[in-house]
Amino acid sequence: MSAPPPQLPAKVAPANAESYRLEGDLPMVDHPAVPFVEIETVRAQEFIPAAKEALSALIAEQGQSKVIRPTFNWAGRNSLFPLHWGLACCAIEFASAFSARWDSERFGIVPRSSPQQCDLMIVNGTVTWKVAHKLITLYEQMPEPKWVIAMGNCATGGGPFRTAYSVVPGVDKLVPVDVYIAGCPPRPEAMIDGILRLEDLIRERKE
Amino acid sequence: MQSEDLAKALAPVLGDRILGVEPFAKTAGRLRFRADAALDVFRAVKEDLGFHHLSMVGGIDWVSHREVFYVAWSDRLGQYLLLSTDLPADAPHIESATPVWPSANWHERETWELVDITFDHHPDLRHLLLPDGYVFHPLLRSFKLHEPEELEVKKRSV
Ligand code: SF4
């Protein structure tokens with residue numbers, strides 16, 4: 001005989017259920033017509049804090065480790081996925097860095113089209129105030145850990161358009177930048193060099 | 001078509017609502033009209049003369065006054081026509097050309113935000129190139145370029 005099916009927890013919200021509510025009520029929690037969703041939600045409410053606690057304990061313990069952290073950094077720095085986008089003329093050099101001649105893929109740098117698959121944002125061009133909040137949205141959609149490279153004079157400090165009425169004077173006013181690449185535009189070699197310097201930074205990463 | 005022919009064709013329709021037609025390089029002419037009769041002039045130019053396509057709207061700040069100009073294209077004639085009118089420097093406004101040429105929509109939004117000419121009865125007068133809430137009109141002569149103010153540099157949290 002097979003074992004009896006596992007008992008689902010009773011349909012009561014845990015005492016701290018309130019803290020997992022979003023603004024206003026989640027419609028599915030109290031809805032009597034969808035008991036399955038309700039049970040799953042209650043389960044998730046018990047599971048999420050426990051999982052969070054266990055995970056942060058694990059990270060705190062292994063962050064100091066001589067094995068886990070270097071392995072993590074090794075994997076991270078050899079598979080940097082930059083966001084595949086272009087803002088201005090520097091994007092031409094960005095594109096040619098992935099062409100047959102410079103072939104950045106030999107360093108494991110593969111541009112992805114969705115920010116949710118990326119850990120590196122290369123700001124390749126002039127950032128205007130009109131596009132600023134879209135840039136921040138893309139940055140916030142990228143999962144941690146994430147890095148930003150400011151490519152070209154425009155992204156580092158506004159470049160030739162520094163005094164213009166619509167240009168952000170450097171993308172570091174919007175998001176934290178790890179590596180700056182000078183040039184107008186930088187050659188693809190310079191971009192690859194910048195990424196290799198970022199890899200050095202990741203190699204030293206402790207947290 | 002020459003500018004004299006244009007003036008002759010428009011005179012019976014528009015009368016004194018046009019101030020004159022001058023020759024202008026590489027176009028059929030430059031038609032000056034009274035700003036308060038703008039819609040009538042646009043209709044006549046489109047329907048009577050056959051300038052069906054409006055290819056641009058722009059504005060000029062002459063300090064003493066503003067000028068707004070329209071460039072219309074006729075497939076039949078294979079020619080451009082320039083229409084322009086002067087507006088007062090304080091609170092310049094003119095009737096929107098969108099009922100006649102729908103393509104005027106974005107051009108008028110751009111002219112409004114850069115040269116501060118208001119287009120009355122425009123369906124959607126918002127910023128086009130500049131961010132929402134931008135208070136300056138950067139193509140006015142009184143707008144000065146300046147070093148950007150010092151902004152805080154963002155730091156990594158992790
Ligand atoms: S730095 Fe030069 S090449 Fe790069 S986006 Fe700015 S103007 Fe264009």
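A, B, ... follow the sequence lines: proteins, then strands. Residue 1 opens every chain.
Between the OH atom in B/Tyr134 and the OH atom in A/Tyr165 there is a gap of 7.5 Å [rounded to 0.5 Å]. The NE2 atom of B/His127 sits 8.0 Å away from the NZ atom of A/Lys130 when rounded to the nearest 0.5 Å.
Counting heavy-atom neighbours within 6.0 Å of B/Glu147 CD, excluding the residue itself, gives a total above 12. Annotation: B/Phe143, atom CZ; neighbour count of heavy atoms from other residues, nucleotides and ligands within 6.0 Å is above 12. Atom CZ of A/Arg101 has 12 or fewer neighbouring heavy atoms from other residues, nucleotides or ligands inside a 6.0 Å radius. Annotation for A/Lys134: atom NZ counts as buried by contact number, over 12 foreign heavy atoms lying within 6.0 Å. The 12-atom threshold is exceeded at NE2 of B/His137, counting heavy atoms of other residues, nucleotides or ligands nearer than 6.0 Å. A/Arg197 CZ: 12 or fewer foreign heavy atoms inside a 6.0 Å radius.
Of the atoms belonging to B/Leu114, it is side-chain heavy atoms, and not backbone ones, that fall under 4.5 Å from chain A. When heavy atoms are compared at a cutoff of 4.5 Å, B/Glu152 approaches chain A solely by way of its backbone atoms N, CA, C and O.
Nearest approach of B/Arg156 to A/Lys146, heavy atoms of both residues: NH2-O, 2.8 Å. B/Leu145 approaches A/Thr163 most closely through the heavy-atom pair CD2-O, 3.3 Å. Between A/Ser166 and B/Leu130, the shortest heavy-atom distance links the atoms CB-CD2, 4.1 Å.
Proximity of a side-chain donor or acceptor of B/Lys154 to a complementary backbone N or O of A/Lys173 within less than 3.5 Å is detected.
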